[in-house]
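Let me begin by presenting the structure, written as C-alpha cells, before commenting on it.
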Amino acid sequence: MRIEEGNVEVAVPGEATDGKEGEVFYNPEMELNRDLTVATLRAYREREDAEPTTYLDATAASGIRGVRAAANGWTATTCDVDPEAVDLAAENFERNGLDGETVHEDANVFMHQQRFDVVDVDPFGTPMPFADAAARSAQGLLCVTATDTAPLCGAHFESGVRKYGAVPRNTEYHAEMGLRVLLSALVRTAATFDVAARPVFSHVTDHYARTYLDVEQGARAANALLEELGHVDHCQHCLYRDHEHGLLADPDELCPHCGHHLQTAGPLWLGDAHDPAFVAAVREQVTGEFETADRAQDLLSTVEGELSTPTHYDQHRLYKRWSKSAVGMDQFLATLRDAGHEASRSHYGGTTFKTTADVADMETALN
Ligand SMILES: C[S@@+](CC[C@H](N)C(=O)[O-])C[C@H]1O[C@@H](n2cnc3c(N)ncnc32)[C@H](O)[C@@H]1O
Ligand SMILES: [Zn+2]
C-alpha cells in the first residue's frame with residue numbers, strides 16, 4: 001500500500017502492523033508524532049547558528065521519518081535490524097527521488113560508531129535499551145518515543161522500576177508521571193557520559209510519550225541538570241501532592257492536608273518539560289501539508305501555555321472528591337486566578353490543569 005504523508009509518498013504494509021508477524025512495522029496513528037517531528041526539526045534548524053544537517057532515524061521500519069526528514073533538507077540515515085525494513089526504507093527514499101543512507105545494523109552498534117546532529121529513537125515499547133548509545137551519538141537534539149505507558153506510570157510497577165531506575169506511582173496524573181519518569185531516566189543516562197540532555201518539547205498523546213532534548217557536552221552542564229531531579233509526594237485520598245528536589249527522598253509520612261499516608265515517586269524530572277519559546281517556534285512550522293495540522297496546533301498552543309509545575313490536576317476528580325458538580329474549564333481557571341493563583345490548561349486532557357495552588361487553596365477558592 002502507498003500512503004502520502006507530509007508531501008512524501010511511501011510504501012508501507014497494507015494495514016497497521018505491530019511488527020511481530022514478519023511484516024515491517026507501520027502505524028498510521030503515529031502521524032501526529034511524525035508531523036510534530038518534522039515541525040520540530042525545522043524549528044531546531046532555524047534556532048541553531050551552525051546549521052545542523054544530519055538526522056538518524058535509528059529504529060526506522062519503513063523509513064518514513066527519515067524520508068520525511070530528507071524531504072525537508074536533512075542528510076538522513078535510517079537504521080533497522082530487520083533486513084526487510086532496510087529494503088523498504090531504501091525503496092521509499094528512491095520513490096521520492098531522495099538520497100538517504102539505509103543501514104542494516106543493530107542501532108546500538110551503529111550509534112556507538114557514528115555521531116549525528118539529530119538522533120531519533122522510535123522503538124517498540126521502552127527506548128531505554130537504546131538510551132546509552134543514543135546519548136553518545138546525538139550531538140544536538142535527541143528525539144525519543146516511549147510506548148510502554150503502563151510501566152512508566154506505575155501501573156506495571158516492577159517493570160517501571162527495572163526499565164527506568166525510578167519509583168513510579170499510579171496517580172491520576174499518570175501521563176505526566178510517565179513522562180517525568182522517562183525524562184529522569186534519559187537525563188541520568190546522558191549524564192553518565194557527561195552529556196546534559198534538557199527537554200525542550202514533550203507531549204503525551206494516546207498511548208505514547210514523546211520528547212525532544214537539547215544535548216550539550218560537559219560534566220558541569222550535566223551536573224546542573226541533576227539538580228532538577230527529585231521526588232513527588234502524593235496523597236491518594238485527597239489528591240494533595242508536593243515535590244522536593246534532590247536524589248534522596250525525605251518525605252513527610254502523613255498528608256498535611258488529610259492525615260492519610262503519602263506515597264513517594266522518583267527520582268523524577270521536576271524541571272520544565274518544554275521551553276515555551278521553542279514550542280512556539282515549532283508551532284510556526286506546522287504547515288498545511290500536515291494532515292494533523294489542526295490537532296498539532298492545538299496541542300502545541302496548550303503545551304506552550306502550560307505552567308511548569310511537576311504535576312497536573314483533573315478538575316473532575318477534584319470535584320468528585322468534594323462531591324460537587326464540575327464547572328466549565330474557563331470559569332474554573334478564572335476563579336483560581338481571581339483568588340491569586342496561577343493556573344493553566346494542560347495537554348494531558350480536556351479537564352486537566354496546572355496551578356500553583358495546593359488542594360487546600362483550591363478548596364477555599366472554589367467552594
Ligand atoms: C516502532 S517501529 C519504528 C516505527 C517508525 N519509526 C515509524 O515512525 O513508522 C520499531 C522498529 O525498530 C526496529 N528495531 C528493533 N530493535 C532494533 C535494534 N536493536 N536496532 C535497530 N532497529 C531495531 C524494528 O525492526 C522496527 O522496525
Ligand atoms: Zn491527603
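Numbering of ligands and ligand atoms starts at 1, following listing order. All values below were derived from every heavy atom in this structure, side-chain atoms included, with hydrogens, water molecules and symmetry-related copies excluded.
Under the 3.5 Å distance criterion, with hydrogens and angles disregarded, no donor-acceptor pair is assigned to the side chains of Tyr313 and Ser346. Side chains of His207 and Glu29: a donor-acceptor N/O pair is absent below 3.5 angstrom, by distance only.
Atom numbering of ligand 1 starts at 1 in the shown order; those under 4.0 Å from a heavy atom of Ala61 are 3 (C), 4 (C), 27 (O). Each of the following atoms of ligand 1 lies closer than 4.0 Å to a heavy atom of Asp82: 25 (O). Here is the list of ligand 1 atoms found below 4.0 Å of a heavy atom in Arg34: 7 (C), 8 (O), 9 (O). Close contacts between ligand 1 and Glu105 involve ligand atoms 20 (N), 21 (C) [criterion: under 4.0 Å to a heavy atom]. Near Ile64, the atoms of ligand 1 lying under 4.0 angstrom from a non-hydrogen atom of the residue are 7 (C), 8 (O), 9 (O). Close contacts of ligand 1 with Arg65, meaning ligand atoms under 4.0 Å from a residue heavy atom, involve 6 (N), 7 (C), 8 (O).
Taking all atoms of both residues into account, the shortest heavy-atom contact from Trp269 to Arg198 is CZ2-NH1, 4.1 Å. Shortest non-hydrogen contact noted between His231 and Leu247 is CE1-O, 3.3 Å.
A side-chain contact (heavy atoms from CB on, under 4.5 Å) with Leu268 is found for one member of Glu228, Arg180, His243 and no other, namely Arg180.
With respect to atom 12 (O) of ligand 1, the closest heavy atom belonging to the protein is Thr59 CB, 3.3 Å. Here the protein heavy atom with the shortest distance to atom 23 (C) of ligand 1 is Val81 CG2, 3.4 Å. When hydrogens are left out, the protein atom nearest atom 20 (N) of ligand 1 is Ala107 N, 2.8 Å; that is the closest non-hydrogen contact. In this structure, atom 2 (S) of ligand 1 lies nearest to the protein heavy atom Phe25 CD2, 3.4 Å.
Within the 4.5 Å cutoff, side-chain heavy atoms of Glu176 are placed close to those of Lys354. Between Val38 and Phe290 the shortest side-chain heavy-atom distance falls below 4.5 Å. A heavy-atom distance below 4.5 Å is found between the side chains of Leu141 and Thr40.
Annotation: Asp106 places an N or O atom under 3.5 Å from an N or O atom of ligand 1; distance criterion only. Considering backbone and side-chain atoms alike, Asn108 places every N or O at 3.5 Å or more from each N or O of ligand 1. Any N or O atom pair closer than 3.5 Å counts here, and Phe124 shares no such pair with ligand 1. Inclusion of Asp80 in the set of residues having an N or O under 3.5 Å from an N or O of ligand 1 is warranted. Ligand 1 has no nitrogen or oxygen under 3.5 angstrom from a nitrogen or oxygen of Ser62.
With a 6.0 Å radius and a threshold of 12 heavy atoms from other residues, nucleotides or ligands, Glu289 has its CD atom above the threshold.
Aromatic ring pairs are classed by plane angle as parallel below 30°, tilted from 30° to 60° and perpendicular above 60°; the pair Phe201 and His203 is parallel. In this pair, Phe25 and Phe124 present their aromatic rings perpendicular. The plane angle is above 60°, beyond the 30 to 60° band. Taking the six-membered ring where tryptophan is involved, the planes of Tyr173 and His312 are perpendicular, since the angle between them exceeds 60° and thus also 30°. Using cut-offs of 30° and 60° on the angle between ring planes, the pair Tyr44 and Trp74 is parallel.
Residue-and-atom listing of protein N/O/S atoms under 2.8 Å from the Zn ion (ligand 2), sorted by chain and number: Cys235 SG, Cys238 SG, Cys255 SG, Cys258 SG.
By the 4.0 Å heavy-atom criterion, Pro129 is excluded from the residues contacting ligand 1. Residue contact annotation: Tyr26 has no non-hydrogen atom under 4.0 Å from ligand 1. Every heavy atom of Met30 sits 4.0 Å or more from the atoms of ligand 1. Residue Phe130 places a heavy atom less than 4.0 Å from ligand 1.
Nearest-heavy-atom check against atom 5 (C) of ligand 1 across Leu88, Asp122, Asn33 picks out Asp122.
Electrostatic pairing of Arg321 and Glu172 does not count as a salt bridge here, judged by no charged N lying under 4.0 Å from a carboxylate O.
Neither the backbone nor the side chain of Ala85 comes within contact range of ligand 1; no heavy atom lies under 4.0 Å.
Taking OG from Ser202 and CG from Leu182, the interatomic distance works out to 8.0 Å, rounded to the nearest 0.5 Å.
Gln285 pairs by the side chain to side chain donor-acceptor pair (under 3.5 Å) definition with nothing, not counting sequence neighbours.
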